Amino acid sequence: MVRVRFAPSPTGPLHIGGVRTALFNYLFAKKQGGTLILRIEDTDQTRFVSEAEEYIMDSLDWCGIKFDEGIREGGKYGPYRQSERREIYKKYAKLLIDNDKVYYAFDSAEELDDLRKKAETEGKTFIYNYSTRQNLKNSIALSNDEVKKLLDAKVPYVLRFRAEENRILELHDEIRGEVKINTNEIDDKVLMKADGLPTYHLANIVDDHLMEITHVIRGEEWLPSLPLHFLLYEAFAWIAPKFSHLPLILKPSGKGKLSKRDGDQGGFPVFPIEWISNGENFRGYREDGYFPEAVINMLALLGWNPGIEKEIFSLNELCNLFTLERVGKSGSRFDPEKTKWFNHQYLISKTDKEIAELFIPILKDKNVDYKNFPIEKICGLLKERVNFVWQLWDESFFFFKEPQNYDENFKKKAIKDDTNEILEEICEILKNINDFTSKNIENIVANFVEQKQIGFGKVGMPLRFALIGTGKGPHIFDVAEIIGKKETLKRIEKIILP
């Protein structure tokens, strides 16, 4: 049975790169008929942000990514919050101590900083590993008596993994294939911190094993940790899951990982929902008017190729199509305009009624008396013109109130010497129309144009200027029908020069 997990750290808002990782885990689990777990990895108390856990869960819920096990869902493999599993980690840390896989390191932070600075002055990089540990303050270099004295005196210590020397590891990644690394390139990572909490490396391995995770699908940034994690599984004599490391989401320029600064500079969100905390305020896709289905569709195609030309997929379709074999190795460039395009596709696929239900709260906020207007019809006329529901107001305000400002550049094109005379005749014609529908108005005006032997623009542009105030907008006779005969005549008469 396939079991996968998404394991974010509550150190701040969830980046869309994290959402994509959760999504790929979700798609893989559903395709395989497996289980998806949400585990909160909160062992880094120095960077812990109290609001972040709820934010993460709310964000994923908005995106439609549902979990089978987790803090809210429960499950027999809990607790699903690492800070509640301390005693479990201590048990397995002791097992590593007993098997001589880790060692006590008593070096203070200041001492290690001094060693790093000294190495820098010599043009080197200090690494705590097989080549340096023999000369440092740890249980490998010190005698048993010295170690006992330090432990009895409660001198702070960390537990470091004892990496082997001169061994070539041949590892496999489901996306990248074979990966080879010499253990001499691995530093002796801290597994248990001085505060008694495990680091990501120990907690991650223990939890994945106890929660029976079969596949680890995570970001590319964790690829350098694969050798250590493999060695930890080996140290515990456990069978390791299959690993897959997803490619990065790149900046719109294609150079470097997408960051929140890119969003700030480019005017687009990089977080699923708005984040407000400790003076930070970052925009979210939800608040910017995106549909969650559009965001999910966009993210799915960042790094994964369905193998067909189609670009619009429902979540169920993505579940049926998804395979790790079609996930790419190289990073995918984020395109803000393409993301808007996805939202537009989902907007126009909705019924006029669905869009109207989303548009009405906007009208209420603007104190518009909309009840006598065919809102569904207005939305149907305009949805092709917008990417977001909130943009409908700028495209439709003239239905609800006459223009207050007129486009002077368009006026020069629309209003000519004979415009007054033409509009006066049009007003007389409109007054006598009983069937004030778009098609009927258009036919009658077309007959007038034909009889007068003038170009249609002689009528159409002045009408548009009168009813809308600019050169853009929907079919002008649709506008006339919706605002009604009385309002249409009123607006035309307003621009007829005295």
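Everything numeric here is computed off the predicted structure, so don't read it as measured data.
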Run T35 and D68 through side-chain hydrogen bond (donor to acceptor under 3.5 Å, both in side chains) and show every step you take.
CA-CA 6 Å; T35 299; D68 302 298; 4.8 Å; no
Applying side chain to side chain contact (heavy atoms under 4.5 Å, CB included) between F334 and each of V270, L258, L248, report the one that passes.
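Among V270, L258, L248, the one that satisfies the side chain to side chain contact (heavy atoms under 4.5 Å, CB included) with F334 is L258.
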Identified side chain to side chain contact (heavy atoms under 4.5 Å, CB included) partner of V389 from the options V386, N387, L392:
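The residue from V386, N387, L392 that satisfies side chain to side chain contact (heavy atoms under 4.5 Å, CB included) with V389 turns out to be L392.
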Determine whether more than 12 heavy atoms belonging to other residues, nucleotides or ligands lie under 6.0 Å from atom [atom1] of [X].
X: Y103; atom1: OH; value: yes
X: I239; atom1: CD1; value: no
X: K31; atom1: NZ; value: yes
X: N144; atom1: CG; value: no

Result of checking E73, R72, E69 against Y80 for side-chain hydrogen bond (donor to acceptor under 3.5 Å, both in side chains):
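Exactly one candidate clears the test, E69.
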Which atom pair, heavy atoms only, marks the closest approach of [X] to [Y]?
X: N129; Y: I186; value: CB-O, 3.7 Å
X: T11; Y: A52; value: N-CB, 4.1 Å
X: G303; Y: S332; value: N-OG, 3.0 Å
X: H215; Y: P241; value: N-CB, 4.0 Å
X: P13; Y: F282; value: CG-CD1, 4.4 Å

Applying salt bridge (charged side-chain N to carboxylate O under 4.0 Å, His left out), can you list everything that pairs with R47, at least two apart in sequence or on another chain?
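Once residues adjacent in sequence are excluded, the partners of R47 under the salt bridge (charged side-chain N to carboxylate O under 4.0 Å, His left out) criterion are D44.
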CA sep, side-chain torsions, deciding dist, call: L60, F67, side chain to side chain contact (heavy atoms under 4.5 Å, CB included)
CA-CA 9 Å; L60 295 170; F67 292 86; 3.6 Å; yes
Mind checking whether R162 and K101 have side chains closer than 4.5 Å, heavy atoms only?
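Not in contact.
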Student check: side-chain heavy atoms of I16 and F271 closer than 4.5 Å
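In short, these two side chains do not touch, never coming nearer than 4.5 Å.
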Would you please test N138 and Y128 for side-chain hydrogen bond (donor to acceptor under 3.5 Å, both in side chains) and show each step?
CA-CA 11 Å; N138 57 61; Y128 207 126; 3.0 Å; yes
Aromatic contact between F359 and Y370, with the criterion being ring centroids under 6.0 Å apart: yes or no?
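Between Y370 and F359, which both carry aromatic rings, the centre distance is not below 6.0 Å.
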One pair to check against ring-ring contact (aromatic ring centres under 6.0 Å, His included): F291 and Y346. What are the steps and the verdict?
CA-CA 7 Å; F291 298 116; Y346 278 89; 7.4 Å; no
Listed once per pair and sorted, the side-chain hydrogen bond (donor to acceptor under 3.5 Å, both in side chains) pairs that draw on residues 196-209, sequence neighbours left out
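Output for this query lists R5-D208, R39-D208, Q82-D207, R85-D207, Y89-D207, Y200-N204, Y200-R218, H201-H229, H209-W238.
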side-chain hydrogen bond (donor to acceptor under 3.5 Å, both in side chains): which pairs involve residues 301-310, sequence neighbours left out?
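Applying side-chain hydrogen bond (donor to acceptor under 3.5 Å, both in side chains) to every pair that reaches into residues 301-310, excluding sequence neighbours, yields K310-E317.
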Interatomic spacing from CD1 in I175 to CG in L246 - rounded to 0.5 Å
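Reported value, rounded in 0.5 Å steps: 5.0 Å.
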Can you tell me how far apart CG (N343) and CG (N297) are? Round to the nearest 0.5 Å.
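One finds 10.5 Å between CG of N343 and CG of N297.
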Could you tell me whether R81 and E84 make a salt bridge, using a distance below 4.0 angstrom between a side-chain N and a carboxylate O?
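Answer for the salt bridge query: yes.
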E111 side-chain N/O to S108 backbone N/O, donor-acceptor pair under 3.5 Å
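Judged by distance alone, yes, a pair lies under 3.5 Å.
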